[in-house]
2 protein chains.
Amino acid sequence: MQVTTTTNGTEPAGTKVRLLESATDLFSRQGFGATGIKAVLAAAEAPYGSLYHFFPGGKQELGAAALTYGGDRYRTILESIYPEGRDVVEATTDSFERAAQLLEGTDFGYACPIATIALEVANSDEVMREAAADAFESWLTVLKQRFVEAGMTDERAREVAIETFCLIEGGVLLARTIRSAEPMHTAGRAASALVAAGLADSAG
Amino acid sequence: MQVTTTTNGTEPAGTKVRLLESATDLFSRQGFGATGIKAVLAAAEAPYGSLYHFFPGGKQELGAAALTYGGDRYRTILESIYPEGRDVVEATTDSFERAAQLLEGTDFGYACPIATIALEVANSDEVMREAAADAFESWLTVLKQRFVEAGMTDERAREVAIETFCLIEGGVLLARTIRSAEPMHTAGRAASALVAAGLADSAG
DNA sequence: GTCTATAAAACGATAGAC
DNA sequence: GTCTATCGTTTTATAGAC
């Protein structure tokens, strides 16, 4: 009787989740290629062989699973920042301010769980690239849905979702590199303005 | 009599430049950690030891030099897209369309020469992080200068420069990951609108 | 079923031949 | 001054002990 199909078990699931959390954290902050599986195992306080037990496909399978895991986690956060009914301009401003605080609070160590890895594997690993693409699309879907509920057309809502995404990802990249939260504040104001413009256009 | 101080020499400089070009290309598309120096040397058709001859500091020095080299090259391109006197809204639209065409023309292999590496080293290699930061700041300076010349205040010009940067970098990240030029077109329209808004505000 | 000890390969770096 | 052959380490992956 196999119980390794779900991660909802009582005891044996713990190691797998710790592995995913460590992998998401290390891969996103140091890069996928630069992080050895040994470092992931050490951070998760897991024995060597457990990686190949939970992820028979080795580092690639762990990488793809970490992208899915990190993508799901941030989607949940996004849904909590944009609860149904909340003013979307306000929520947008809030999401950038939160990211800015997180960056400053972690000495600019906070990183997008997907971006670093996505840029590395976009042209070299199709399996991982698709996992990253699915994660990004799930975020865009959440944003689009909220914008539609706020009154935008489907087409306009997707555009504004993409604009918001680009500003936050570009902001994190610049903020981490120059070690300043300035880009997050600036990008946040621009995103809020674009969301407001999208609402105004659709309201005609 | 040493002639290794400049890269302008007749024959011996060729290898160094080829090394920098290969490094910039491979590091930005596959990642710094995932790319071995052997692969860089092979792409540059340079013998093994030449790397340590031109870059005694090894891989780190090559990485930092590649960031400076790639940063300078794109700054030159940026200056050609935003020549003095050209309408900055038009130039902004143009820069995103060019990036979109480049992405489609290279099967989404085109990548920012800095972004991938910057995300990898932002929290692990201070020397390379500073090289990446200098490159980004040099691009922002070009944009800001053109925006000031077009009539924006210093403060507003830097803000709009940052917004444009974030949209293009976020756009390239998303486009490469989902293998579609859609984000570049969408981000381009948003950037042009933000530049136009910046001009209108300053003209107020 | 869980983990440790080992193997084969690739890495960055260097010493020394030309 | 230019390059090749080699060193020691670290990497991923596996085979087999418990």
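Note on naming: letters A, B, ... go to the chains in the order of the sequence lines (proteins, then strands), and numbering restarts at 1 for each one. The analysis underlying the following values was restricted to heavy atoms, covering all of them including side chains, and did not include hydrogens, waters or symmetry mates.
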Problem set entry | Residues that Arg75(B) engages under side-chain hydrogen bond (donor to acceptor under 3.5 Å, both in side chains), provided they are two or more places apart | Glu79(B)
Problem set entry | Any residue meeting side-chain hydrogen bond (donor to acceptor under 3.5 Å, both in side chains) with Glu182(A), in chain and number order, not counting sequence neighbours | Arg158(B)
For this session: Tell me, please, whether Tyr69(A) has Lys16(A) positioned over its six-membered ring: NZ or CZ under 6.0 Å from the ring centre and within 45 degrees of its axis?
Result: no
Problem set entry | All side-chain hydrogen bond (donor to acceptor under 3.5 Å, both in side chains) counterparts of Arg176(A), not counting sequence neighbours | none
Exercise. Can you list the residues that meet the side-chain hydrogen bond (donor to acceptor under 3.5 Å, both in side chains) rule with Glu104(B), with sequence neighbours excluded?
Worked result: none
For this session: Not counting sequence neighbours, which residues clear side-chain contact (heavy atoms from CB on, under 4.5 Å) with Ala132(B)? List them please.
Result: Thr177(A), Leu67(B), Ile114(B), Ala118(B)
For this session: Go through dG1(D), dT4(D), dT4(C) for me and flag the one nearest to the Pro47(A) side chain.
Result: dT4(C)
Exercise. Just how far, in rounded Å, is C1' of dC3(C) from CD of Glu45(A)?
Worked result: 16 Å
Exercise. What's the NE2-P distance between His53(A) and dT4(C), to the nearest Å?
Worked result: 14 Å
Problem set entry | Contact pattern, 5' to 3', of nucleotides 5-18 of chain D - B, S or - by protein heavy atom under 4.0 Å | B------BBB----
Exercise. To the nearest Å, how far apart are Lys16(A) NZ and dT2(C) P?
Worked result: 12 Å
